[in-house]
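Here, residue 1 is the first one in the sequence, and each next residue gets the next number. All ligand and atom numbering here is 1-based and tracks the order in the structure.
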Amino acid sequence: MSAAGGHLRVIGTGPGPDHWMTSETAAILAEATDLVGYHPYVARCPERPGQVRHASDNRVEIERAAHALALAAAGRKVAVVSGGDPGVFAMAAAVMEAIDRGPAEWRRLDLTVHPGVSAMQAAAARLGAPLGADFCAISLSDNLKPWETVARRLEAAAEVDFVVALYNPASKARPNRIFEAFDLLRRVKAGETLVIFARAVGRPDERIVVTTLAEADPALVDMATCVIIGNSATRRIERGEGREPWVYSPRSVEAD
Ligand code: SAH
């Protein structure tokens, strides 16, 4: 049985700055006895006296989730910390998977998942409304799924003209995946399709590039970048006098 008073809160701290962290998430961080997460995300949380930090490597998500569940079952007030939203390519799914495979008592824990601002939302807000029409989000990481699956999904999304938000677009281990993704997109979509590289949105080193599929240089993309590929109707609004353009995807769509 779970010890009295223990709980697990699954939270996301937003894409970077504190003002993009919800007040609910800040309150959970303030009351947690234990923080569990990938070390850069844990490091971003304010230090509190007496709070125990269990920072771990990125590749051990299920073990990390199981550790957090065991701590909560032992009576600790645990926060599992992701960046952005915990349900978008982050720890909420790992916690669910650990419960699914774990001891029955974990199903009875006081567990809640709390929404956060995801990177694609922050990036889209900077530009105007590039996600204003139907869109999908795809993680380019092939740590947890075969690259062939990633490529098939990307191609299908391009073929039905979704706006696509790409997460985890590059890694030191596999720097060529983003080039392969662009080769694939260029075979399916028009060269004038708008492409956004939104890097480190909300952080001091933020850099946003608006370009086209034909001209985009995937070498600009790193792990801190969210890439948004427009649909066939995604448009720029030029503002002149050195101002950055707005970009939006109209909500109305012509019949196919
Ligand atoms: N749960 C997170 C995503 C985790 S996957 C969320 O909801 O945002 C990590 C990927 O998120 C990175 O590789 C990058 O593609 C994207 N990302 C996270 N923070 C970002 C930021 N501030 N600016 C741009 N992209 C970001």
(request) Assess whether atom CZ of R235 is packed by more than 12 heavy atoms of other residues, nucleotides or ligands within 6.0 Å. (result)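 For R235, atom CZ is not crowded (no more than 12 foreign heavy atoms under 6.0 Å).
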
(request) Check the surroundings of atom CD in E244: do more than 12 heavy atoms from other residues, nucleotides or ligands lie under 6.0 Å from it? (result)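 Not buried by this count: 12 neighbours or fewer within 6.0 Å.
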
Would you mind writing out the side-chain donor-acceptor pairs for residues 219-227 within the sub-3.5 Å range, not counting sequence neighbours?
from : atom 1 : to   : atom 2 : distance (Å)
D222 : OD1    : R199 : NE     : 3.3
D222 : OD1    : A224 : N      : 3.0
D222 : OD1    : T225 : N      : 3.4
D222 : OD1    : T225 : OG1    : 2.7
D222 : OD2    : R199 : NE     : 2.6
D222 : OD2    : R199 : NH2    : 3.1
T225 : OG1    : D222 : N      : 3.2
T225 : OG1    : D222 : O      : 3.3

List ligand 1's nitrogen or oxygen atoms that come under 3.5 Å of a protein nitrogen or oxygen, with the partner atom and distance.
from     : atom 1 : to   : atom 2 : distance (Å)
ligand 1 : 1 (N)  : G83  : O      : 2.9
ligand 1 : 1 (N)  : D85  : O      : 2.9
ligand 1 : 1 (N)  : V88  : O      : 2.7
ligand 1 : 7 (O)  : D85  : N      : 2.9
ligand 1 : 7 (O)  : S118 : OG     : 2.6
ligand 1 : 8 (O)  : S118 : OG     : 3.3
ligand 1 : 8 (O)  : A119 : N      : 2.9
ligand 1 : 13 (O) : N168 : N      : 3.3
ligand 1 : 13 (O) : N168 : OD1    : 3.3
ligand 1 : 13 (O) : M223 : O      : 2.6
ligand 1 : 15 (O) : N168 : N      : 3.2
ligand 1 : 15 (O) : T225 : O      : 2.7
ligand 1 : 19 (N) : R203 : NH2    : 3.4
ligand 1 : 22 (N) : P15  : O      : 3.0
ligand 1 : 22 (N) : V201 : N      : 3.3
ligand 1 : 22 (N) : V201 : O      : 3.1
ligand 1 : 22 (N) : R203 : NH2    : 3.4
ligand 1 : 23 (N) : A200 : N      : 3.4
ligand 1 : 23 (N) : V201 : N      : 2.9
ligand 1 : 25 (N) : A224 : O      : 3.3
ligand 1 : 25 (N) : C226 : N      : 3.4

(message) Using only atom types and a distance under 3.5 Å, with no angle test, would you say the side chain of E155 pairs donor to acceptor with the backbone of R187?
(response)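 No, the answer is negative, given that no donor and acceptor are paired below the 3.5 Å cut-off.
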
(message) Among residues at least two apart in sequence or on other chains, which ones pass ring pair (Phe, Tyr, Trp, His ring centres under 6.0 Å) with F89?
(response)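 Applying ring pair (Phe, Tyr, Trp, His ring centres under 6.0 Å) to F89 gives Y167.
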
(request) With sequence neighbours left out, write down each residue that passes ring pair (Phe, Tyr, Trp, His ring centres under 6.0 Å) with H54, or none if nothing qualifies. (result)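 For H54 the ring pair (Phe, Tyr, Trp, His ring centres under 6.0 Å) partners, ignoring immediate neighbours, are H67.
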
